[in-house]
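These notes concern the structure reproduced below.
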Amino acid sequence: MQIKDNLITLKSQLPEHVILVAVSKTKPVAIIQEAYDAGQRVFGENKIQEMVEKQAQLPEDIAWHMIGHVQRNKVKYMAPFVKMIHGVESLKLLKEIDKQAKKYDRVIDCLLQIKIASEASKFGMTTEEATSILLSEEVSGLKNIKIVGVMGMATFTSDTHQIKSEFENLKNCFDTLKPLVSDNSFEIISMGMSADYELAIASGSTMVRIGSSIFGARNYSK
Ligand SMILES: *Cc1c(COP(=O)(O)O)cnc(C)c1O
């Protein structure tokens, strides 16, 4: 019941236009099923292998989002079902996703990961790099991917001013990129986790990725 209650509380705090990705990494399928039974349909995982195993055991209508760093040689395992890939940070990766999606006659939604954090360990591209990807003729020829927005992760810090300014940078980046896409498909700003989703929403987030506030703390010992 705890998970259902957590979901209800969380949903009541999210504006209607904000999509909730329930981050279920490290959690067993029974727990994910519990969230599914409470109505949740969008789940996020950060390891391809783990997502593939869970997908096979859970209902077909779950929208699986890959939110972690993606190795190109593993895209093929998730290509049959993955709905959205948040961590796209190169043209090379985009081309591999397109190639694998084509085999299943699918279109996979992609977010360009933008580096907004000051930590060297965080992945992502600059607004300039994202601009050149969106304007590239090569990319417009990729029919089995759709670039639907941007994703970013703020620095791991308790300094809310810094987090807020990083989120605002991502929103500005989105505003710069959006006019480069001719249809209305570029509409997602994926930012905000359990600790900072309120700040993220105040800064323009349209998609939050929340794990521990729904499922409790993760056990990383395994
Ligand atoms: C784990 C993870 C989250 C969720 O983190 P919580 O603090 O548990 O909400 C969000 N985004 C990414 C990329 C993650 O890896």
Side-chain angles (χ1 to χ4, degrees), residues 2-3 5-14 18-28 31-32 34-35 38 40-52 54 62-71 74-75 78 82-90 93 109-125 148-160 162-164 166-167 169-171 173-174 188-222:
Q2 189 59 53
I3 288 171
D5 291 345
N6 291 349
L7 275 169
I8 291 171
T9 308
L10 188 55
K11 287 266 186 157
S12 72
Q13 289 162 7
L14 300 180
V18 174
I19 298 165
L20 171 63
V21 179
V23 176
S24 49
K25 63 190 184 194
T26 78
K27 300 295 174 186
I31 297 288
I32 301 175
E34 204 176 320
Q40 182 64 24
R41 291 293 179 272
V42 184
F43 292 89
E45 291 282 338
N46 71 338
K47 296 206 168 69
I48 294 174
Q49 180 75 31
E50 185 177 338
M51 183 172 73
V52 167
K54 288 172 175 176
I62 288 179
W64 291 98
H65 287 213
M66 173 43 58
I67 62 169
H69 184 60
V70 176
Q71 284 172 279
K74 290 188 180 162
V75 171
M78 62 177 165
V82 69
K83 169 73 180 145
M84 191 181 292
I85 299 177
H86 290 229
V88 177
E89 36 130 27
S90 72
L93 178 58
D109 291 341
C110 294
L111 300 178
L112 300 179
Q113 183 166 357
I114 309 295
K115 183 168 163 38
I116 53 172
S118 55
E119 296 149 308
S121 59
K122 296 259 160 74
F123 293 100
M125 58 178 91
V148 295
V150 294
M151 179 270 207
M153 284 177 88
T155 302
F156 184 71
T157 171
S158 55
D159 181 350
T160 52
Q162 182 176 355
I163 296 172
K164 188 160 180 283
E166 291 176 358
F167 284 153
N169 286 343
L170 187 60
K171 166 72 165 113
C173 169
F174 173 84
I188 293 175
I189 304 175
S190 167
M191 61 182 184
M193 323 197 332
S194 295
D196 55 22
Y197 72 89
E198 282 157 321
L199 269 178
I201 291 169
S203 310
S205 170
T206 68
M207 182 175 274
V208 289
R209 311 175 307 266
I210 297 183
S212 37
S213 292
I214 301 170
F215 299 111
R218 281 178 295 276
N219 177 4
Y220 274 115
S221 62
K222 60 171 205 156

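Both ligands and their constituent atoms are indexed starting at 1 by order of listing.
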Which of the ligand 1 atoms, numbered from 1, are nearer than 4.0 Å to a heavy atom of Ser194: 6 (P), 7 (O), 8 (O), 9 (O)
Residue Ile210 vicinity, atoms of ligand 1 by number, heavy atom under 4.0 Å: 9 (O)
Sub-4.0 Å atoms of ligand 1 with respect to non-hydrogen atoms of Gly211: 4 (C), 6 (P), 8 (O), 9 (O)
Per-atom contacts, ligand 1 versus Met153 - under 4.0 Å to a heavy atom: 13 (C)
Identity of the nearest option to atom 14 (C) of ligand 1, non-hydrogen atoms only, from Met193, His86, Lys25, Gln113: Lys25
Under 3.5 Å donor-acceptor, Arg209 side chain and Ser190 backbone: yes
Nearest option to atom 13 (C) of ligand 1, as decided by whichever heavy atom of Asn46, Ile67, Val21, Asp196 sits closest: Ile67
Audit row: Ile214, Leu20, side chain to side chain contact (heavy atoms under 4.5 Å, CB included) steps and yes/no: CA-CA 11 Å; Ile214 301 170; Leu20 171 63; 4.3 Å; yes
Least distance between heavy atoms, Gly87 atom then Gln113 atom: CA-OE1, 3.3 Å
Aromatic plane relationship, Phe43 with Trp64 - under 30° parallel, 30 to 60° tilted, over 60° perpendicular: tilted
Flag, side chain of Gln40 to backbone of Val42, donor-acceptor distance under 3.5 Å: yes
Sub-4.0 Å atoms of ligand 1 with respect to non-hydrogen atoms of Ser212: 6 (P), 7 (O), 8 (O), 9 (O)
Heavy-atom side-chain contact between Glu166 and Met191 under 4.5 Å: no
Under 3.5 Å: N/O of Arg218 near N/O of ligand 1: yes
